[in-house]
Amino acid sequence: MTKKKYEEVMMEIARRAASGVLKPGSRLPSIRALSEELSCSKNTIIKAYQEMELNHQIYSVKKSGYYLVEDYQFQKKESSQNRKIDFLSAGPDKEAMPYLDFKHCINQAIDRYREDMFSYSELQGLYSLRKQLARHLQDLQVFTVPERIAAVTGSQQALHLLVSLPFPNGKSKICAEQPTHPGFIESLKTQKADAVGIEIQKNGIDLDRLEEIFKYENIKFFYTVSRFHNPTGYSYTNAEKKKIVELAQKYDVYIVEDDYMGDIDLNMKQDPMFAYDPSGRVIYTKSFSKTLLPGLRLGLIVMPEAIKAEFLQVKFAADVHTPVLTQGALEIYLKNGMFDAHISKIRQTYHKKGKLLQKAYSEFLPSDAVYTGSSSGFYSTIHLPPPLLAQQLIRLLEKENVFLDNAERMYLPAYKQENVLRLSVSQVEDELIAKGIQKIAAGIQTMILEKKKILTWSFK
Ligand SMILES: Cc1ncc(COP(=O)(O)O)c(C=O)c1O
């Protein structure tokens with residue numbers, strides 16, 4: 001098969017990097033210069049650079065150009081045979097972190113707002129940031145006003161504070177999908193909250209069971225990760241979201257909708273539950289950790305009037321307000337359109353990884369291992385056939401340089417499962433995804449054979 005022109009350009013860059021003409025971290029030729037040098041169109045060079053950026057071989061700096069990543073030589077030298085395959089870490093891909101752009105925004109925030117960036121500030125967050133957030137939320141079908149938004153120190157802070165907050169419905173229990181985001185399980189545990197679980201599987205939750213829980217269990221709020229669920233990857237359909245909001249309305253239950261990664265949804269027709277809520281029953285939270293920079297500890301909550309005063313009181317008691325400098329920088333980052341540009345790249349990256357993962361699951365996993373997941377691939381789970389234990393497979397695969405997470409800590413004690421693994425592809429290079437799943441499949445087969453041997457032996 002003949003190579004496409006842009007692939008030839010990619011090979012040319014790789015050749016220059018391998019021969020040392022282009023050093024790790026150095027600037028690549030401009031699009032115009034390279035198109036003249038290689039006698040091809042600027043579009044061909046743009047396509048080649050975009051493809052290399054998606055492969056994390058190069059990165060772009062606004063108004064400066066494209067650069068070869070620092071560890072380019074390392075990536076090329078190490079054979080894929082023995083490279084670490086990390087399905088355990090779940091932060092954004094380091095190569096995709098826009099820290100240089102953000103550094104620029106921090107400097108701009110200091111120049112623009114001066115000592116205000118270092119003084120005590122508004123409890124609810126900078127009003128100018130909240131205005132930008134309200135605009136940004138419109139893209140996610142969340143229509144609200146700055147007065148109902150609070151900047152929080154990571155969305156985890158909002159979730160944690162909501163657990164022990166009294167709610168207007170006067171009810172006491174919290175309902176959560178099982179499994180769920182481990183940070184929320186910790187909040188429930190440390191605050192000794194009374195919680196009820198509802199199982200979430202490959203095809204979502206049983207809505208009849210949810211209705212029973214809402215009807216009989218004195219539920220104050222239902223905590224739900226409505227898109228790209230952590231850990232299963234499940235995203236509710238619009239019909240399901242509408243139904244859940246209706247049930248909440250019928251049985252006087254609040255919903256805490258954790259839309260931590262809504263930005264990466266490629267399907268523009270997907271609405272959050274917030275969009276189906278006519279009466280201020282859905283409390284919406286959003287994180288900037290998976291899509292931007294987790295160390296910023298920046299998130300937001302959209303509060304119904306009915307809980308706003310109580311929420312702000314506990315927020316004040318927790319940390320007075322969220323650090324201002326990062327708020328000022330985020331405001332500029334959003335205003336300049338940098339977030340939109342960044343997110344459109346991230347969306348493609350995760351979508352590509354998600355597709356590779358689902359393909360590998362269907363090709364290599366033994367049929368008795370159930371898997372979940374979605375088009376994002378950020379999170380998914382593998383359910384081992386009983387009596388196999390997740391921890392055993394984790395230990396076995398560590399020897400193969402493949403790392404996985406045990407989902408046991410993502411369950412409430414009464415719902416605990418020991419055969420579930422969580423995988424994230426956010427830090428796994430595209431070309432290693434299938435290899436990693438093949439190794440997992442081989443590990444599962446080894447464990448199944450071992451078990452069979454033991455059973456045959458014990459029946460002798
Ligand atoms: C589903 C979910 N919600 C919320 C959070 C917390 O995010 P933040 O870093 O904004 O506190 C996480 C972090 O992993 C998460 O997975």
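Order of listing sets the numbers, starting from 1, for every ligand and every atom in it.
- Applying the 4.0 Å criterion to heavy atoms of Asn230 picks out, from ligand 1, the atoms 1 (C), 15 (C), 16 (O).
- Among protein heavy atoms, atom 1 (C) of ligand 1 sits closest to Asp258 OD2, 3.5 Å.
- Of all atoms in ligand 1, listed by their number and element, those nearer than 4.0 Å to a heavy atom of Gly154 are 10 (O), 11 (O).
- Short contacts between ligand 1 and Arg297, defined as distances under 4.0 Å to a heavy atom of the residue, involve ligand atoms 8 (P), 9 (O), 11 (O).
- Polar contact check, Gln156 against ligand 1: a nitrogen or oxygen pair lies under 3.5 Å apart.
- Taking all atoms of both residues into account, the shortest heavy-atom contact from Ile174 to Val163 is CD1-O, 3.7 Å.
- Not one N or O on the side chain of Asp430 forms a donor-acceptor pair closer than 3.5 Å with the backbone of Lys352.
- Residue Gln427 comes nearest to Gly91 through the heavy atom pair NE2-O, 2.9 Å, listed as atom of the first residue, atom of the second, then distance.
- The protein atom (non-hydrogen) at minimum distance from atom 7 (O) of ligand 1 is Ser155 OG, 3.2 Å.
- Ring centroids of Phe228 and Phe378 are separated by 6.0 Å or more, keeping the two rings apart.
- Protein heavy atom in closest approach to atom 14 (O) of ligand 1: Lys290 NZ, 3.1 Å.
- Put simply, the residue from Phe221, Phe214, Phe167, Phe222 that forms a ring pair (Phe, Tyr, Trp, His ring centres under 6.0 Å) with Tyr254 is Phe167.
- Of all the heavy atoms of Ser289, the ones lying under 4.0 Å from any atom of ligand 1 belong exclusively to the side chain.
- On a distance-only criterion, Ser287 and ligand 1 share at least one N/O pair closer than 3.5 Å.
- The shortest contact between atom 5 (C) of ligand 1 and any protein heavy atom is with His181 NE2, 3.4 Å.
- Two rings, from His229 and Tyr379, have their centers 6.0 Å or more apart.
- By the neighbour-count criterion of 12 heavy atoms within 6.0 Å, atom NZ of Lys243 is sparsely surrounded, having that number or fewer from other residues, nucleotides or ligands.
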